[in-house]
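Before any comments, here is the structure.
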Amino acid sequence: MIRVAVVHQRLARCSPLLLDWLPVLVVPVVLVIDAALSAQGKPIGVVNVVCAFLGCAPLALRRHVSFPVLTPLIVGGVILVLWQLHPANTVVLIPMVALFELALNGDRRRSLWMSLAIVPCVVVSVIPFASGFSHVTSIVIRNTALVLLAIAAGDVIRSRRVSELRLVETAEQETLRRVGEERLSLAREIHDVVAHAMTAINVQAGVAAHLLERDPGQAYDALRNIKHTSGAALTDLRSTLEVLRDPSAAAPLGPPAGLGDIAELSGGLRSAGVRVALEVDSAADVPAPVQSVAYRIVQEALTNVARHAQAAATTVRVRRVPEAITVEVSDDGACTTTEPPGNGVRGMRERAAALGGTLEAGPRDGGGWRVQAWLPVSEPTTNGGDALGTSQSRGGELRR
């Protein structure tokens, strides 16, 4: 049956016209040879050969008409061949070829009712040419078994094709899902690199402009920090864009940022005169992806403080609790009833959700804004390694 499928796949690559007429050209030759070798066969003449081809001619329609239309044509062709040639065993090839093609291009339901309807057709074709009840019975049973085998073979091959097509569709959907996740991951990484770096540069530039005449030394330090931050951001951005050019090219520049790097994020705010209080628990047992997501959430939250809050003080708390870590960033700035503009809060929620965690952001009692996240320390259940924020770089940090 596997060989039949392979042969049919190869034939399917041929011209449709050739595929239609190939059985009409091949099967009559087999019938004539069988009749010539059979003891019951009639003498072979031109009329007999022509009738063999005429009896097989309905096979050219097997892919274009329905079973009810094709059945009387096939039965008539079988009777014509038996009448003029009387081959021994090969006349059953005519209905086998037709039924195989019908089952191949149909469905399971049609194959079942074809299997039921074919029995009386075999009886009608055989009875006029059989001698004795036992002879009729044996021929009917044998030929019925052969045509049912043809139907089963066509149905099995069709089922395999459907299964393969579904597998291909599933693979394509999975590929599209992965591509979507990668695009989301790259969008977040580019946002982290560009938005955070630009915020840091903006803060440092404001400090430099404010102190340029009063304290040139500190203004120089701010300009030097701008150069350092912009250079690191450009390096990170090139690394991220390199992934777009060649997804197989992994170019890590350093270990992923983690909880131990959170202290460095406060430098930019402190330069702008914002008091920053840090309370970060030691979490050496926390997986690197979880630490990286926590780092990115704190980074984005502090960036929003610098850009939108107009705060005088902010507090960062990262706690290790059973089976999770909690992140809280709060400030005393100008509270709004809506989230800060842009994609920052949405990106934080997506990172937390990729780990199976949660994130809430909103006004806090007494004024200001609060970001709270709960991140489980177990491995993530989604295929979002990059989406977890395991960036290899830190060029967008708000640092001194």
Side-chain angles (χ1 to χ4, degrees), residues 1 3-5 7-106 110-111 114-115 117-130 139-140 142-155 157-158:
M1 191 172 297
R3 293 181 179 178
V4 173
V7 171
H8 193 271
Q9 288 177 356
R10 292 178 179 177
L11 290 176
R13 301 190 187 103
C14 303
S15 168
L17 185 63
L18 175 61
L19 188 60
D20 287 341
W21 286 94
L22 186 61
V24 181
L25 301 175
V26 174
V27 175
V29 176
V30 177
L31 297 176
V32 170
I33 294 175
D34 185 29
L37 297 177
S38 173
Q40 300 177 349
K42 296 182 178 182
I44 306 300
V46 175
V47 175
N48 307 93
V49 174
V50 171
C51 288
F53 279 94
L54 289 176
C56 295
L59 293 177
L61 303 175
R62 69 194 186 280
R63 299 195 305 150
H64 306 286
V65 298
S66 63
F67 176 74
V69 175
L70 187 61
T71 298
L73 298 176
I74 293 297
V75 172
V78 170
I79 293 174
L80 178 63
V81 170
L82 287 173
W83 175 43
Q84 289 295 325
L85 287 176
H86 212 297
N89 301 309
T90 55
V91 70
V92 74
L93 288 175
I94 299 175
M96 286 181 68
V97 171
L99 293 169
F100 171 81
E101 197 75 43
L102 287 171
L104 185 67
N105 296 318
R110 188 168 81 169
S111 296
M114 280 195 311
S115 301
I118 201 62
V119 177
C121 298
V122 173
V123 174
V124 170
S125 302
V126 169
I127 284 180
F129 305 96
I139 294 178
V140 168
R142 181 191 64 195
N143 289 355
T144 301
L146 289 173
V147 295
L148 291 178
L149 179 63
I151 295 174
D155 190 72
I157 295 174
R158 178 196 57 78

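Here, residue 1 is the first one in the sequence, and each next residue gets the next number.
Contacts of Ile44 classified as side chain to side chain contact (heavy atoms under 4.5 Å, CB included), with partners at least two apart in sequence or in another chain: Val32, Ala35, Ala36, Val49, Leu85. Taking the side chain to side chain contact (heavy atoms under 4.5 Å, CB included) definition, one finds that Thr144 meets it with Val119, Val122, Val140, Leu148, sequence neighbours left out. Checked against ring pair (Phe, Tyr, Trp, His ring centres under 6.0 Å), Phe67 has the following partners two or more places apart in sequence or in another chain: Trp113. Residues meeting the side chain to side chain contact (heavy atoms under 4.5 Å, CB included) test with Ala60, sequence neighbours left out: Trp21, Val24. Remark: Asn48 pairs with no residue by the side-chain hydrogen bond (donor to acceptor under 3.5 Å, both in side chains) rule, at least two apart or across chains. Leu82 is linked by a side chain to side chain contact (heavy atoms under 4.5 Å, CB included) to Val78, Pro87, Val91, Phe129, counting only residues two or more places apart in sequence or in another chain. Listed by chain and number, the residues in a side-chain hydrogen bond (donor to acceptor under 3.5 Å, both in side chains) with Ser111 are Asp155 (sequence neighbours excluded).
Atom-to-atom distance recorded for Thr90:OG1 and Ile33:CD1 is 9.5 Å, nearest 0.5 angstrom. For the atom pair Leu61 CG and Leu73 CG, the distance stands at 6.5 Å (nearest 0.5 Å). Within the model, atoms CG of Leu25 and CG of Leu59 stand 10.5 Å from one another, a figure rounded to the nearest 0.5 Å. One finds the CZ atom of Arg110 at 5.0 Å from the CG atom of Leu102 (value rounded to the nearest 0.5 Å). One distance of note links NE2 of His64 with CG of Leu70; it measures 11.0 Å at 0.5 Å rounding.
Looking at Arg62 and Pro23, their side chains come closer than 4.5 Å, going by heavy atoms from C-beta outward. Using a 4.5 Å heavy-atom threshold, the side chains of Val147 and Asn143 count as separate. Within the 4.5 Å cutoff, side-chain heavy atoms of Ile94 are placed close to those of Leu31. With contacts defined as side-chain heavy-atom distances shorter than 4.5 Å, the pair Val92/Arg142 does not qualify. When side chains are defined from C-beta on, Thr71 counts as touching Val75, because their heavy atoms get closer than 4.5 Å.
Scanning both residues, Ile118 and Ser115, for their nearest heavy atoms gives CG2-O, 3.4 Å. Taking every heavy atom of both residues into account, Ser125 and Cys121 meet most closely at OG-O, 2.9 Å. Minimum interatomic distance between Val27 and Cys56 (heavy atoms only, all atoms of both residues): CG1-SG, 3.7 Å. Here the shortest heavy-atom pairing between Phe53 and Pro28 reads CD2-CG, 3.7 Å. Nearest heavy atoms, Ile74 versus Ala98: CD1-CB, 4.0 Å.
Between the side chain of Asp34 and the backbone N or O of Val30, no donor-acceptor pair lies under 3.5 Å.
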